[in-house]
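Worksheet for the structure shown next.
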There are 2 protein chains.
Amino acid sequence: MAARGTHGRRPTLEEVAARAGVGRGTVSRVINGSPRVSDATRATVEAAVAELGYVPNTAARALAANRTDAIALVVPEPETRFFAEPYFSDMLRGVGAELAETEMQLLLIFAGNDRERQRLAQYLAAHRVDGVLLVSVHADDPLPDLLSQLEIPAVISGRRSAAETLPSVDSDNFAGAYSAVEHLLGRGRTRIATITGRLDVYGAQRRVDGYRAAVEAAGREVDERLIVPGDFTEEGGRRAMAELLERCPEVDAVFAGSDVMAAGARQVLREAGRRLPDDVALVGYDDSAIARHMDPPLTSVRQPIEEMGRAMIDLLLAEIADRRPAASRTLDGRQLVLPNELVQRASS
Amino acid sequence: MAARGTHGRRPTLEEVAARAGVGRGTVSRVINGSPRVSDATRATVEAAVAELGYVPNTAARALAANRTDAIALVVPEPETRFFAEPYFSDMLRGVGAELAETEMQLLLIFAGNDRERQRLAQYLAAHRVDGVLLVSVHADDPLPDLLSQLEIPAVISGRRSAAETLPSVDSDNFAGAYSAVEHLLGRGRTRIATITGRLDVYGAQRRVDGYRAAVEAAGREVDERLIVPGDFTEEGGRRAMAELLERCPEVDAVFAGSDVMAAGARQVLREAGRRLPDDVALVGYDDSAIARHMDPPLTSVRQPIEEMGRAMIDLLLAEIADRRPAASRTLDGRQLVLPNELVQRASS
DNA sequence: CAGTAGAGTGGGAGCGCTCCCATAGGTGAT
DNA sequence: ATCACCTATGGGAGCGCTCCCACTCTACTG
């Protein structure tokens, strides 16, 4: 099967070279922006490229150069969650923007169930991408190990633990939580509770640590009854808030580990007849669209997610460029922690 | 499970052939599932593949076979809209599910602004995908023409006009709207209005056509004042509903061209003190999550979006397999129209 | 029992690039 | 003038596959 368009094949490097009256190597150098070409020759070649409408054949390039010019954003969650959370789309925006500067192609890969993970493993084994961006990875996920075994450059968003071994871009969850609680203390609140995220996510742990540290820094003792586990979902927020009202009805402030959980908590508070912020002050995390649209608008800690996305790309491109074995290098300068910022609104 | 040593190059076809004691061609045939291999040989080769942990080199394959085993889902909208609308994620789910059966890779490409469109054109010119899925294309979009010029197989969701030239998968908007209005008539409503979608979208036009046809079929005359233009947004729904209440305060039913617009209309109705469904019955379109979560839950016309996604993939794979020039074939059987279904809830 | 089909197989000839070595010519120092 | 050493350039040798033709067997045919 002669699988080709009927109207003329696409021109090849060779044909461009003939047209420009130069050798194949020279055209290749021009295409790839090598400095070792005289200005005159470069101009001639560029003219030939334009005339012929030459576009390099990616497959041939990939085969010869052993690179793909593509990177993958791997989301180890079902698509539904991906779309539900503004976190991901903000991240994607940052990544996309930074990547637009380059010739790199972005692949979006979901690995929410076993079948998809199987496919992903196959995909990675085939080295179909030059590097991988990992978002929201759980502590026990085998993916990072697979990646380093295959020697595929990768950058992770957040960290799996304090001893993260991969290059990473994280935000300062400890300081963010600290500032939120400090703010509530400053407002004169005395019984400040927290609804945590899933504690197998390191960032969620750090937020609890920040909560504890802020309470202790104010000279108070941490009341363990006021720390209620959530799971980052709205329903989890509802459950946790209900539990909280039962455990300690006189609670006057809640720091939720995510805006979505704060939204759930808010519903329960409303049903319980508590007014915001008069009876209970509420602070969320993420500063997502939900926070701005809540009634009253929600005070929230803002993570610079888009910027994190950009930083991840920068880091990953550097990893790809520096093809030394990852093990032989230190992590110095390859693990970023970006600052968080409290955005005050009417809920507190 | 083909666990393989972490060091050393990836094995090649040649090496698998040597290991299995057969020729290169035979291994290729096994890998590609050709029937012209004896069972015994096939088993031997498969064993060698497993032992060596062989994974084909995609770039080499693409170069030699002149195909990429990848297709693109092109979204000519900014990312934000993509993530905001359940339409897209449902579509993506269908597409993903159907594609999981194959070896094909899905690329998600946004072309929301000129720069992104520029990149896309470059990308397509490089033939980096075997086919393209086009969603929510406007009547005057140049993309479909570019695609047929490059002879890249493509399938479009919805149609740009009655005379769509591309293979397409649409849903029966006419019948869907008809059944919605018929339902309202059956409820004894007499002043039924409609808020339309953007009329440069063919499907929105067809919904209006269905509305008219149903009204006329009931032996009534269409009152043009009751047809108010919207734009698929919530704000547009609010504006249209406000306009409607002014034009014709005694309206007792509204058929909105989308759930999002229905949600906007519902707000205005609430503010105007109209109760649902007692004073005004409301019906939306899409049966999205919004419909289920409204108060009262919204009657809506369901499009089988996930199924449409599946159908698009089937069609596209057939297009890719049948590499004859698109112009030389008829569109028979390559344009699908799937049925819509009214989902009744408390709002009507 | 030659004659004709297959079925099953091996391997040459590319696909269109990049990499790198060889070479030509230019420059300045000795 | 000689040498060393640049810069700019040409083109051979692959990269790892698929395609396809040639070949060998076997199994029928008449």
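Just so we're on the same page: letters track the sequence lines, and every chain starts at 1. Computation of the quantities below employed the complete heavy-atom set of this structure, encompassing side-chain atoms and omitting hydrogens, waters and symmetry-equivalent molecules.
Taking 4.0 angstrom as the limit, S28(B) places none of its side-chain polar atoms (N or O) nearer than this to OP1 or OP2 of dC17(D). The phosphate of dT9(D) (OP1 or OP2) has a side-chain N or O of S38(A) nearer than 4.0 angstrom. Contact check, N32(B) against dT18(D): a side-chain N or O comes under 4.0 Å of OP1 or OP2. Remark: R61(B) is in phosphate contact with dT18(D), judged by side-chain N or O atoms under 4.0 Å from OP1 or OP2.
With hydrogens and angles disregarded, no donor-acceptor distance shorter than 3.5 Å links the side chain of D322(A) to the backbone of A318(A).
Between the CZ atom of R67(A) and the C1' atom of dC17(C) there is a distance of 10 Å, rounded to whole Å. Atom OH in Y54(A) sits about 10 Å away from atom P in dG16(C), given to the nearest Å. In this structure, L13(B) places its CG atom 15 Å from P of dG12(C), rounding to the nearest Å. In this structure, CD1 of I31(A) is placed 12 Å from C1' of dT18(C), rounded to the nearest angstrom. Atom pair R128(B):CZ and dC17(C):C1' shows a separation of 14 Å (rounding to whole Å applied). One interatomic measurement links the two molecules: CZ of R10(B) to C1' of dG16(D), which rounds to 10 Å at whole-angstrom precision. With rounding to whole Å, R36(A) atom CZ is found 15 Å from dG10(D) atom P.
The salt bridge (charged side-chain N to carboxylate O under 4.0 Å, His left out) contacts involving residues 53-68 of chain B comprise R67(B)-D69(B), where partners must be two or more places apart or lie in separate chains. Residue pairs meeting the ring pair (Phe, Tyr, Trp, His ring centres under 6.0 Å) criterion with at least one member in residues 89-109 of chain A, sequence neighbours excluded, do not occur.
Partners of E307(A) under the salt bridge (charged side-chain N to carboxylate O under 4.0 Å, His left out) rule, at least two apart in sequence or in another chain, do not exist in this structure. For R310(A), the side chain to side chain contact (heavy atoms under 4.5 Å, CB included) partners two or more places apart in sequence, or in a different chain, are A97(A), E98(A), E306(A). Remark: Y123(A) engages no residue in a ring pair (Phe, Tyr, Trp, His ring centres under 6.0 Å) (not counting sequence neighbours). Considering only residues two or more places apart in sequence or on other chains, A62(B) meets the side chain to side chain contact (heavy atoms under 4.5 Å, CB included) condition with A59(A). Taking the side chain to side chain contact (heavy atoms under 4.5 Å, CB included) definition, one finds that A20(B) meets it with V22(B), T44(B), V45(B), A48(B), sequence neighbours left out. Shown here are the salt bridge (charged side-chain N to carboxylate O under 4.0 Å, His left out) partners of R36(B), two or more places apart in sequence or in another chain: there are none.
Looking at D141(A) and R117(A), a side-chain N of the basic residue comes within less than 4.0 Å of a carboxylate O on the acidic one, giving a salt bridge. Salt-bridge annotation for E15(B) and R10(B): absent, with no side-chain N of the basic residue lying under 4.0 Å from a carboxylate O of the acidic one.
Looking at every heavy atom in both residues, M312(B) comes nearest to V155(B) through CE-O, 3.7 Å.
Contacts with DNA chain D (heavy atom under 4.0 Å) in residues 39-53 of chain A: T41(A), listed by number.
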For nucleotides 13-15 of chain D, print each protein N/O atom paired with a nucleotide N/O atom at under 3.5 Å, atom names and distance only.
{"unit_1": "dA13(D)", "atom_1": "N6", "unit_2": "R24(A)", "atom_2": "NH1", "d": "3.4"}

Close N or O pairs between protein and nucleotides 21-28 of chain C (under 3.5 Å):
none

Next item on the list: List the steps, then state whether side-chain contact (heavy atoms from CB on, under 4.5 Å) holds for L13(A) with Y54(A).
Entry: CA-CA 8 Å; L13(A) 238 209; Y54(A) 171 73; 3.7 Å; yes
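For N113(B), the CG atom is densely surrounded, since the number of other residues' heavy atoms within 6.0 Å is greater than 12.
With the end axes of the helix from dC1(C)-dG30(D) to dT30(C)-dA1(D) each set by five pairs, the angle from one to the other reads 40° at 10° resolution.
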